[in-house]
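Data first, discussion second: the structure below is written as structure tokens.
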2 protein chains.
Amino acid sequence: MKADALRGHLDPMILAVVEHEPLHGYAIMEALQERSGGAVDLPTGTLYPALRRLERAGYLASEWSTVSGRKRRTYQLTSAGQKMLADGRGEWETFRTVIEGVLRPRTS
Amino acid sequence: MKADALRGHLDPMILAVVEHEPLHGYAIMEALQERSGGAVDLPTGTLYPALRRLERAGYLASEWSTVSGRKRRTYQLTSAGQKMLADGRGEWETFRTVIEGVLRPRTS
DNA sequence: AGTGGATAGGTAGAACGGCTACATGTAGCA
DNA sequence: TGCTACATGTAGCCGTTCTACCTATCCACT
């Protein structure tokens, strides 16, 4: 599945995977793959800019570390990010209801 | 709700409202509003180009008519459009499952 | 020792599609 | 006469994701 289809929903998805544990970019990519059963396979050119955007917006905070020679930038949810995530979940419910109301086949 | 969030889902929604009866652009706009409980309020600058795009792609066919002095371009679903709509409904189910799998809060 | 794949982070520039803002015109009502 | 609803459309902007590319380390296999 193209992340293009996720447009507007990618942000809360990213926030959701770092909700309980801080993760670095690559791990976020893998977590998304795993949670989606392989359907979400973000190119790095999508994920990394998105993470920076979310950090600039104040929803994520990052920290550099080096693990066995590899640089890692680990992201964690800020309190603003938690709020954003909660909002995102609510908006998803609305969105889903709206789409299904329109898409549902009418026998009449 | 911004149509921006609908990105990638707008096409099947438009096809869905003309599934059983051909409608002209303005009526499609109103039908979307009604079916979505007012949430979907497409600006004309979104709808009309989308209709032309769908026609170019072969999913809709249009016909001019004049009703009480007003020009109307009435769109109806082609057989390719019917298939596209069916596909779109299937993709929506996949999409929904994927998003919810990622967004769902984890207690662990 | 060398190669290739997985891990890890990143950028530049293009494409896409929905956006705002504008343009045009008719019908009906106050 | 002017306002609102009806009706169709275009131009150009903007944000997000895209493809394609770059760097670098670690590990397994040859």
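Chain identifiers are assigned alphabetically (A, B, ...) following the order of the sequence lines, protein sequences preceding nucleic acid strands; residue numbering begins at 1 within each chain.
- Side chain of Arg7(B), nearest nucleotide from dT11(C), dA8(C), dG18(C): dG18(C).
- Here the OH atom belonging to Tyr59(B) is positioned 8.5 Å from the CG atom belonging to Asp11(B), to the nearest 0.5 angstrom.
- Across all strands shown, Leu10(A) has heavy atoms under 4.0 Å from sugar-phosphate atoms exclusively, and none from any base.
- The side chain of Arg70(B) lies closest to dA7(D) when the candidates are dA7(D), dT7(C), dT17(D).
- Donor-acceptor pairing under 3.5 Å, judged by distance alone, is absent between the side chain of Arg73(B) and the base of dT8(D).
- Between the CG atom of Leu23(B) and the C1' atom of dT8(D) there is a distance of 16 Å, rounded to whole Å.
- Between Phe95(A) and Trp92(B), the ring planes lie tilted relative to each other; the angle falls in the 30° to 60° range.
- Taking atom CD of residue Gln33(A) and atom P of nucleotide dT7(C), one finds them 10 Å apart after rounding to whole Å.
- Looking at Thr44(A), its side chain has no donor and acceptor atom pair within 3.5 Å of the base of dG9(C).
- Here the C1' atom of nucleotide dT20(C) and the OH atom of Tyr48(B) are 17 Å apart, to the nearest Å.
- Residue Tyr75(B) places its side chain closer to dG9(D) than to any other of dT11(C), dG9(D), dT8(D).
- Considering only side-chain atoms of Arg72(B), the nucleotide from dG9(C), dA7(D), dT19(D) that sits closest is dA7(D).
- Considering only side-chain atoms of Thr46(A), the nucleotide from dG9(D), dC18(D), dT11(C) that sits closest is dC18(D).
- Of the two residues near DNA chain D, Leu42(A) and Val67(A), the one whose nearest nucleotide lies more 5' is Leu42(A).
- Toward the 5′ end of DNA chain D lies the nearest nucleotide of Glu30(B), the other residue of the pair Gly69(A) and Glu30(B) mapping further downstream.
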Applying salt bridge (Lys or Arg N to Asp or Glu O under 4.0 Å) to Glu55(A) and Arg52(A), what does each step give before you reach the verdict?
CA-CA 5 Å; Glu55(A) 185 172 22; Arg52(A) 294 175 146 267; over 6 Å; no
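- The distance between atom CG of Leu6(B) and atom C1' of dC19(C), rounded to the nearest whole Å, is 13 Å.
- Among the nucleotides dG18(C), dA6(C), dT20(C), the one closest to the side chain of Pro43(B) is dT20(C).
- For Arg53(B) and dG18(C), the CZ to P distance is 5 Å, given to the nearest whole Å.
- Here Ile28(A) contributes atom CD1 and Leu42(A) contributes atom CG; the two are 10.0 Å apart, rounded to the nearest 0.5 Å.
- Leu51(B) has its CG atom 15 Å from the C1' atom of dT10(D), to the nearest Å.
- Toward the 5' end of DNA chain C, the nearer of the two residues Tyr26(A) and Gly45(B), judged by each one's closest nucleotide, is Tyr26(A).
- In this entry the distance linking CG of Leu54(B) with C1' of dT8(D) reads 16 Å, nearest Å.
- If you measure from atom CD1 of Ile14(B) to atom P of dG17(C), you get 12 Å, rounded to the nearest angstrom.
- Dense packing is recorded around CD of Glu30(B), with more than 12 heavy atoms of other residues, nucleotides or ligands lying under 6.0 Å away.
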